[in-house]
Amino acid sequence: MNTRNVSLPRRGFLLGLTAAGASLGLAGCGFELRKAPVFAFKTLSVSGNSAMINQIRRELRATGTVTLVSTDAPVAGSPAPASMADVVLEILGEDRNRFVISTNSAGLVRELQLQLRVRFRLRTPGGKDLLPATEVSQTRDLSFNETNALAKEGEADLLFRDMQSDIAQQLMRRLAAVKEL
């Protein structure tokens with residue numbers, strides 16, 4: 001007699017019961033997926049044209065709730081673009097650094113630490129600071145092999161791009177934390 005087929009319906013029932021219990025447990029604890037941020041402002045001005053600033057602009061456009069005001073030179077007779085925005089995001093500095101963490105016995109680099117630091121502040125066009133000068137940083141470790149220097153350079157670029165994306169998302173959460181202008 002084959003007892004294997006008899007236990008299959010019971011196993012399916014227990015598996016379904018476990019999945020239902022897990023989903024009820026998650027729903028009961030208040031778990032929910034991260035939603036799009038809600039901002040206290042409707043228009044924002046960001047000046048500059050670095051890769052980091054372009055990533056921030058993409059993140060802001062993706063929310064769909066904030067209109068980016070152009071920072072181009074105004075037309076004669078029209079107000080300055082930054083003064084038309086509810087808030088102004090100023091990127092005060094962006095630093096990309098590489099530090100040697102370890103070397104081998106011959107003094108050649110074995111491991112690097114990559115660091116990306118971004119300083120920013122959020123203010124109203126009138127000058128009121130909503131977020132004072134704040135620094136956000138990310139670090140990544142990178143093993144290094146001089147025989148694969150070109151590949152490691154490409155890997156470092158990918159890691160910097162990943163850190164840039166993480167910082168842009170952190171910046172979005174900090175902007176969403178501003179509740180009133």
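This one's a predicted model, so the numbers in the text were calculated from it and none came from an experiment. Position 1 is the first residue of the sequence; numbering continues from there.
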*Asks:* Would you please name every residue forming a salt bridge (charged side-chain N to carboxylate O under 4.0 Å, His left out) with Arg96, sequence neighbours left out?
*Replies:*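 Applying salt bridge (charged side-chain N to carboxylate O under 4.0 Å, His left out) to Arg96 gives Glu94.
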*Asks:* Taking side-chain hydrogen bond (donor to acceptor under 3.5 Å, both in side chains) as the cut-off, I'd like each qualifying pair that reaches into residues 100-114, sequence neighbours left out, listed once.
*Replies:*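 Every candidate side-chain hydrogen bond (donor to acceptor under 3.5 Å, both in side chains) pair involving residues 100-114 fails, so no pair, neighbours aside, qualifies.
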*Asks:* Report the C-alpha distance between Glu90 and Phe120 in whole Å, list the side-chain angles of each, state the deciding distance to 0.1 Å, and finish with yes or no for side chain to side chain contact (heavy atoms under 4.5 Å, CB included).
*Replies:* CA-CA 6 Å; Glu90 294 178 342; Phe120 69 94; over 6 Å; no
*Asks:* Going by heavy atoms in the side chains, are Leu171 and Leu89 under 4.5 Å from each other?
*Replies:*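 Contact flag for Leu171/Leu89 side chains = yes.
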*Asks:* Taking all atoms of both residues into account, what is the closest heavy-atom pair of Ala133 and Arg119, and its distance?
*Replies:*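 Answer, listing the atom of Ala133 first, then Arg119: CB-NH2, 3.7 Å.
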*Asks:* Run the side-chain hydrogen bond (donor to acceptor under 3.5 Å, both in side chains) test against Asp157 and tell me which residues pass, sequence neighbours left out.
*Replies:*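 Counting only residues at least two positions away or on another chain, Asp157 forms no side-chain hydrogen bond (donor to acceptor under 3.5 Å, both in side chains).
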*Asks:* Measure the spacing between CG of Leu159 and CG of Leu112 and express it to the nearest 0.5 Å.
*Replies:*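 Interatomic distance, Leu159 CG to Leu112 CG, rounded to 0.5 Å: 10.5 Å.
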*Asks:* Going by atom type alone, with no hydrogens or angles, which donor-acceptor pairs under 3.5 Å involve a side-chain atom of residues 62-69 and a protein atom two or more places apart or on another chain?
*Replies:*
| residue | atom | partner | partner atom | Å |
| --- | --- | --- | --- | --- |
| Thr63 | OG1 | Leu60 | O | 2.6 |

*Asks:* With Phe39, which residues qualify under ring-ring contact (aromatic ring centres under 6.0 Å, His included), at least two apart?
*Replies:*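 ring-ring contact (aromatic ring centres under 6.0 Å, His included) list for Phe39, sorted by chain: Phe41.
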*Asks:* Which value, rounded to the nearest 0.5 Å, describes the distance between Arg123 atom CZ and Asp129 atom CG?
*Replies:*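 Output value for this atom pair is 8.5 Å.
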*Asks:* Mind listing the closest non-hydrogen atom pair of Ala85 and Pro125 along with its distance?
*Replies:*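 Looking at all heavy atoms of both residues, the shortest contact is O-CG, 3.0 Å.
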*Asks:* Name all residues meeting the salt bridge (charged side-chain N to carboxylate O under 4.0 Å, His left out) criterion together with Asp95; count only those two or more places apart in sequence or in a different chain, and write none if there are none.
*Replies:*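 By the salt bridge (charged side-chain N to carboxylate O under 4.0 Å, His left out) rule, Asp95 matches Arg117.
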*Asks:* Working to the nearest 0.5 Å, report the span between CD1 of Ile167 and CZ of Arg174.
*Replies:*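 Going from CD1 on Ile167 over to CZ on Arg174, the span is 10.0 Å.
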*Asks:* Looking at side-chain heavy atoms only, is the closest gap between Leu116 and Gln164 below 4.5 Å?
*Replies:*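 Of all side-chain heavy-atom pairs linking Gln164 with Leu116, at least one is under 4.5 Å.
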*Asks:* Check side chain to side chain contact (heavy atoms under 4.5 Å, CB included) between Lys179 and all other residues, then give those that pass, not counting sequence neighbours.
*Replies:*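 Lys179 satisfies side chain to side chain contact (heavy atoms under 4.5 Å, CB included) with no residue once adjacent residues are dropped.
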*Asks:* Who pairs with Asp166 by side-chain hydrogen bond (donor to acceptor under 3.5 Å, both in side chains), at least two apart in sequence or on another chain?
*Replies:*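 Partners of Asp166 by the side-chain hydrogen bond (donor to acceptor under 3.5 Å, both in side chains) criterion, ordered by chain and then number, come out as Arg140.
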*Asks:* If you look only at distance, which donor and acceptor atoms sit under 3.5 Å apart when one is on a side chain in residues 143-151 and the other is two or more places apart or in another chain?
*Replies:*
| residue | atom | partner | partner atom | Å |
| --- | --- | --- | --- | --- |
| Ser143 | OG | Lys152 | NZ | 3.4 |
| Asn145 | OD1 | Thr147 | N | 3.2 |
| Asn145 | OD1 | Thr147 | OG1 | 3.0 |
| Asn145 | ND2 | Thr147 | OG1 | 3.3 |

*Asks:* Show the numbers, then the answer: is there a side chain to side chain contact (heavy atoms under 4.5 Å, CB included) between Ile91 and Ile56?
*Replies:* CA-CA 10 Å; Ile91 304 299; Ile56 292 168; 3.8 Å; yes
*Asks:* For Val178, check side chain to side chain contact (heavy atoms under 4.5 Å, CB included) against everything at least two apart and list the hits.
*Replies:*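 Partners of Val178 under the side chain to side chain contact (heavy atoms under 4.5 Å, CB included) test: Leu122, Leu130, Leu131.
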*Asks:* Using the test side chain to side chain contact (heavy atoms under 4.5 Å, CB included), find all partners of Ala156 that sit at least two apart in sequence or belong to another chain.
*Replies:*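 Partners of Ala156 by the side chain to side chain contact (heavy atoms under 4.5 Å, CB included) criterion, ordered by chain and then number, come out as Arg98, Leu114, Leu142.
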*Asks:* Please enumerate all residues that pass side chain to side chain contact (heavy atoms under 4.5 Å, CB included) together with Arg58, with sequence neighbours excluded.
*Replies:*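 Partners of Arg58 under the side chain to side chain contact (heavy atoms under 4.5 Å, CB included) test: Asn54, Gln55.
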*Asks:* Apply side chain to side chain contact (heavy atoms under 4.5 Å, CB included) to residues Val46 and Ile53 and explain how you reach the verdict.
*Replies:* CA-CA 8 Å; Val46 184; Ile53 292 171; 3.7 Å; yes
*Asks:* Restricting to non-hydrogen atoms, name the atom on Gln170 and the atom on Val136 that form the minimum distance, rounded to 0.1 Å.
*Replies:*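 For Gln170 and Val136, the tightest heavy-atom pair comes out as OE1-CG1, 2.9 Å.
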*Asks:* Examine distances only and state if a side-chain atom of Asp86 and a backbone atom of Lys42 form a donor-acceptor pair shorter than 3.5 Å.
*Replies:*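 Side chain of Asp86 to backbone of Lys42: a pair is present.
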*Asks:* Measuring from atom CZ of Arg57 to atom CG of Leu44, what distance do you get when rounded to the nearest 0.5 angstrom?
*Replies:*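 CG of Leu44 is found 9.5 Å from CZ of Arg57.
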*Asks:* Rounded to the nearest 0.5 Å, how far does OG of Ser165 lie from CE of Met52?
*Replies:*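 Output value for this atom pair is 8.5 Å.
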